[in-house]
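Working notes for the structure below.
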Amino acid sequence: MPERDEFHMGHFETIATDSCCGARRGVLHTAHGPVQTPAFMPVGTAGTIKGVTPDQIEATGTEIILANTYHLMLRPGAEVVERLGGLHRFMAWNRPILTDSGGYQIFSLGELTRINDDGVEFASHVDGARVHLNAETATDIQNRLGADVIMCFDECTPFPAQPEHVRKAVDRTIAWARRCKQAHARDGQLLFGIVQGGIDPALRSRCAEEIVRIGFDGYAIGGLSVGEGHDHMVRTVEHTAALLPADRPRYLMGVGMPADIIAAVRAGVDMFDCVLPTRNGRNAFAFTRQGALRFRNSAHIDSGEPIEADCDCYACRHFTRGAIRHFFNCGEMLGPILLSLHNLRFYQRLMSEIRTQIEEGGFDRWAAAELARGQGVR
RNA sequence: GGGUCGGUGCCCGAGUGGCUAAAGGGAACGGGCUGUAAACCCGUUGGCGUGAGCCUACGUUGGUUCGAAUCCAACCCGGCCCA
């Protein structure tokens, strides 16, 4: 027991902070090794980051990846993953993993859900079967999947939403957080609380206060990047991050565009996850510091340039824009694969630059310039 | 040479008197995607005009009709069958 407490006490260390803003450079220690923060976590919902192999992911500079409770519960089921040796073995990823609780699916699968104070009943998007998820089952499943970081079961509200709806979601998220902490029964596995409250500062304050009072290994800001827009999002993150303990990691869930990430780091956020690099990559959209490139566009037909001139990713080292555009044009799977690789490397290079800037004390000025420059990171 | 079926927009293809600038695919072009129901979804695709609208178009030419992609005739081209 003391061992566990020690693990939980010392799992996050801050290496450097920026004197001009909330940005900090840290390390999150997990059962499968350290994670340099600020960190970006690619999303592998169903137990795989779509289109790329684990060693390719590692080559992008990724240290920690995500998987999803709801999706793995439906297929193949937590028992199967357990029987096959746990999530790390299953995903062939022997580094840190974070599982989301399924709270986001309350938002994304909105029409297929029925929610009450106990939890949620989903009509499975696979076969329509009734599937129940609540604080205890979500925690139990995550315990069994065996990720290094697991999340409380929360209610992610849409935007816009009725104030009453958001208030109720905050109440439930707090009550469920208490139950998740109670149900959590696996050593060496960090449990993060989640703050909801839409874009209402008062609700965010109340939720943050209660979640912090319960006490978690880390704190997430949820319910953003659901349609509220960059400015609302940044304002809410700045307000909320300041209410979270400085000695614990802060995680902004589901965010986001490069500009969103830079603004949130400035507000003191340490961890991010987002489907954009992989989903947009599959959909022919490449991130570059010079701006977005849409590879279906005929402009790239006979371009001999790499996706991004100074990028060291596999796609940029070996393929021309013209070839990649051709792959998309023909529906060849290598197109989505190459842009997923490039976009992941783009995100990890961005995070690496952010960490260096914080270490060297130039982050705030750099961030301001990047945000003003806009294109490429917006 | 005879018979027969057919020729529709970039391609395939529906339509067999007015509701047709012409369904539906494909392709091309453009856009969207933020804790992944997403290698997906949306839009545009004859010309001119802001617009009502006008012009040009369903192999070619001519005809019937108030009105033709749709009916008739001849011709051209293609598939199949018979000599």
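Letters A, B, ... mirror the listed sequences (proteins, then strands); counts begin at 1. Just so you know, these numbers use all the heavy atoms, side chains as well, and skip hydrogens, waters and symmetry mates.
- Here the shortest heavy-atom pairing between A/Ile211 and A/Ala177 reads CD1-CB, 3.6 Å.
- With distances taken from any side-chain atom of A/Asn283 to the nucleotides B/rC29, B/rG35, B/rA39, the minimum falls on B/rA39.
- Residue contacts for A/Phe285: at a heavy-atom cut-off of 4.0 Å it reaches a base atom on one of the strands shown.
- For the pairing with A/Arg24, the side-chain hydrogen bond (donor to acceptor under 3.5 Å, both in side chains) check across A/Asp270, A/Thr37, A/Thr17 returns one residue only, A/Asp270.
- The side chain of A/Asp100 approaches B/rU36 more closely than any other nucleotide in the set B/rG31, B/rG30, B/rU36.
- Nearest to the side chain of A/Leu109, among B/rU36, B/rA37, B/rC29, sits B/rA37.
- Contact between the side-chain N/O atoms of A/Asn297 and the OP1/OP2 oxygens of B/rG31 is found at a separation under 4.0 Å.
- The CG atom of A/Leu276 sits 14 Å away from the C1' atom of B/rC40 (whole-angstrom rounding).
- Nearest to the side-chain atoms of A/Asp260 among the listed nucleotides B/rG35, B/rU34, B/rA37 stands B/rU34.
- In this structure, of B/rU34, B/rA39, B/rG32, it is B/rU34 that holds the atom nearest to the side chain of A/Val255.
- Positionally, the nearest nucleotide of RNA chain B for A/Arg325 lies more toward the 5' end than for the other of A/Arg325 and A/Ala284.
- Across all strands shown, nothing is found opposite B/rA69 as a Watson-Crick or G-U wobble partner with both distances under 3.5 Å.
- Side-chain to base pairing of A/Arg296 with B/rG31: one donor and one acceptor N or O lie within less than 3.5 Å of each other.
- When rounded to the nearest whole Å, the span between NE2 of A/His230 and C1' of B/rC33 equals 18 Å.
- Within the 4.0 Å cut-off from OP1 or OP2 of B/rU36, at least one side-chain nitrogen or oxygen of A/Asn68 is found.
- Centroid-to-centroid, the aromatic rings of A/Tyr70 and A/His125 come within less than 6.0 Å.
- B/rG46 is paired with B/rC55 under the Watson-Crick or G-U wobble criterion, all donor-acceptor distances under 3.5 Å.
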